[in-house]
Colleague: 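Sharing a structure, written as structure tokens. Questions coming.
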There are 2 protein chains.
Amino acid sequence: MALPSSTVENYLKAIYQAEMAEEDDTRLVPMGRLASALHVVPGTATTMVKTLADSGLVRYEPYAGVRLTAAGQKLAALVLRRHRLMELFLVEVVGMSWAEVHDEAERLEHAASDRLIDRIDEMLGRPAVDPHGDPIPDQDGAMATPRYQTLLTCPIDTAVVLARVTDQDTAFLRFLEQSHLTPGKTIRVESRDAAADHVLVRGAGDRSIAIGMRAAAKLLVAPPPPSG
Amino acid sequence: MALPSSTVENYLKAIYQAEMAEEDDTRLVPMGRLASALHVVPGTATTMVKTLADSGLVRYEPYAGVRLTAAGQKLAALVLRRHRLMELFLVEVVGMSWAEVHDEAERLEHAASDRLIDRIDEMLGRPAVDPHGDPIPDQDGAMATPRYQTLLTCPIDTAVVLARVTDQDTAFLRFLEQSHLTPGKTIRVESRDAAADHVLVRGAGDRSIAIGMRAAAKLLVAPPPPSG
DNA sequence: AATCGATTTTTGACTCATCAAACTTCTGAT
DNA sequence: ATCAGAAGTTTGATGAGTCAAAAATCGATT
């Protein structure tokens, strides 16, 4: 099989991430979701998915959806690896802002060689997560997938550590950055108000911040590390 | 005008470099040279050059050749800037080898944003030349073009500084690296032998090295800096 | 000046990725 | 059980970039 075009890489990545986002383990991504993730019309996604199926990268069930094969999963994970290492590199080494590296990495991930990516991995000390807290797959495509709670489900008035932000929107990330809500930060949920559709969170030394519930669901938290 | 595809960027870059390589200032690049530089058949180059002419990036004279317009020159210079800054960055910051950065930069130059390139430029201290001694155009596409001598034309038994290597071939660069013939090195030509088709060069503390005349023409040298 | 050979252009075809719009299938509500 | 609407698929077309091979042009040599 020839090297996958960046279009193929993007389809695989989108399918992979859509599979991850599903709660149930049916793992069948509907065409509509895939098409809108890739900003193409549904017919385009159908066509492309059929050719991916012919290459053995996905299994395609007409009118039902698509899922990655083992081969597709591995390729997708390696694309994600390139993306996330690149993001971390741009933040840590190049000094770019947390909020702007996603789009940059979106293009660089298709241009960087494995040599470069491995060099970056080494420079960064084989990191486990990228600047958004997303786990970085290893060279074999294996990836830790811890199950975090969200700001909607974690205990109230209890210290938790912001572990991961599952949205790459630049404006959202900028807001978080300005609010000092970045991965690693210890925070606590002061209250949730269903009527107001918000949660109030506060980091040590900061004012409390109201976050809409839709946004709060994108902030994943872990129990604080054992103190001492 | 929409942003140029990487194909367009590559054509402009190739025309620019072919113009530079010409001694006379006719500056008309024949289609055949362009086609082989880009590894396409001549017909493909003709077709593409005509569309470039329609965009006002080149002036095309059928059966004669092509030259860049001012707009094309500026765009080409900015591509070269991205390429050369990227190469230097990969060597200086990422620690890749002199010999392997060309191909990497060849792809990254089309993916890196202006923000990233300017950030790299700043990190590196607004450098004037890349690892091969090639001058780096500034943000406006302006570039210093010093006129060096080559190992074929410089005075014999006189110290000169290796300033620039006008060939990006990986194997050739590896050879130079192993022979300690890298830009900045002070060397002297011991002899030239037309019959043997070689020149003998020696760097301080090294053995003398025989270099074929074709290769020697690719090594550009400058007078040594005023000592003191 | 006529011609041969090299260079260049033209023509027709192909692949990849895409869209618009017609058509098909599925599903949930009655 | 039907059927309306949502979701998905098919069809036909497009644009970018390419090649192979036929045709045209140029130019150097006789």
Colleague: Of all nucleotides in DNA chain D with an atom under 4.0 Å from a non-hydrogen atom of chain A, which is the first and which the last going 5' to 3'?
Modeller: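 First-to-last contact on DNA chain D, by the 4.0 Å heavy-atom rule, is dG8(D) to dT10(D).
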
Colleague: Both Leu38(A) and Pro62(A) contact DNA chain C. Taking the nearest nucleotide for each, which residue is further toward the 5' end?
Modeller: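 By nearest-heavy-atom nucleotide position, the 5'-most residue is Leu38(A).
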
Colleague: Within the structure provided, determine whether Asp103(A) and Arg115(B) are in side-chain contact (heavy-atom separation under 4.5 Å).
Modeller: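 Result no, sub-4.5 Å side-chain heavy-atom pair not found.
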
Colleague: Around Arg126(B), counting heavy atoms of other residues, nucleotides and ligands shown, do more than 12 lie under 6.0 Å from its CZ?
Modeller: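 Enclosed.
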
Colleague: What's the CE-P distance between Met31(A) and dT25(C), to the nearest Å?
Modeller: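 Answer to the nearest Å: 17 Å.
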
Colleague: dT9(C) phosphate, OP1 or OP2: any side-chain N/O from Tyr60(B) under 4.0 angstrom?
Modeller: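 Yes, Tyr60(B) has a side-chain N/O under 4.0 Å of OP1/OP2 on dT9(C).
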
Colleague: Which heavy atom of Thr182(B) sits nearest a heavy atom of Glu177(B), and at what distance?
Modeller: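 In terms of heavy atoms, the two residues are closest at CG2-CA, 4.2 Å.
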
Colleague: Just checking Arg33(A): does its CZ atom have more than 12 heavy atoms from other residues, nucleotides or ligands closer to it than 6.0 angstrom?
Modeller: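 Atom CZ in Arg33(A) is not packed in, count stays at 12 or less.
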
Colleague: Assess whether a salt bridge exists between Arg107(B) and Glu109(B), defined as any Lys/Arg side-chain N lying under 4.0 Å from an Asp/Glu carboxylate O.
Modeller: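 Looking at Glu109(B) together with Arg107(B), the answer is no, because their closest N to O distance does not fall below 4.0 Å.
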
Colleague: Under a 4.0 Å threshold between the charged nitrogen and the carboxylate oxygen, would Arg81(A) count as salt-bridged to Asp138(A)?
Modeller: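 Salt bridge absent between Asp138(A) and Arg81(A).
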
Colleague: For a quick test of reading the model: is some side-chain N or O of Lys50(B) closer than 4.0 Å to OP1 or OP2 of dT10(C)?
Modeller: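 Looking at the OP1 and OP2 atoms of dT10(C), one of them is under 4.0 Å from a side-chain N or O of Lys50(B).
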
Colleague: Would you verify whether the NZ or CZ of Lys50(A) falls within 45 degrees of the ring axis of Tyr60(A) while also being under 6.0 Å from that six-membered ring's centre?
Modeller: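 That pair does not qualify as a cation-pi contact.
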
Colleague: Expressed as a whole number of angstroms, how long is the span from Asp54(A):CG to dC16(C):C1'?
Modeller: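 Atom CG in Asp54(A) sits about 14 Å away from atom C1' in dC16(C).
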
Colleague: Does Thr51(A) reach a base, just sugar-phosphate, or nothing at all? Heavy atoms under 4.0 Å.
Modeller: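 Contact class for Thr51(A): none.
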
Colleague: Strictly below 4.0 Å, N to O, side chains only: are Glu104(B) and Arg119(A) in salt-bridge contact?
Modeller: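 Salt bridge flag = no for Arg119(A) with Glu104(B).
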
Colleague: Please compare Tyr63(A) and Pro30(B) by the position of their nearest nucleotide in DNA chain C and report the one closer to 5'.
Modeller: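 So the residue in question is Pro30(B).
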
Colleague: By a strict heavy-atom criterion of less than 4.0 Å, which residues belonging to residues 39-47 of chain B are in contact with DNA chain D?
Modeller: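 Within this stretch, His39(B), Val40(B), Val41(B), Thr44(B) sit under 4.0 Å of the strand.
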
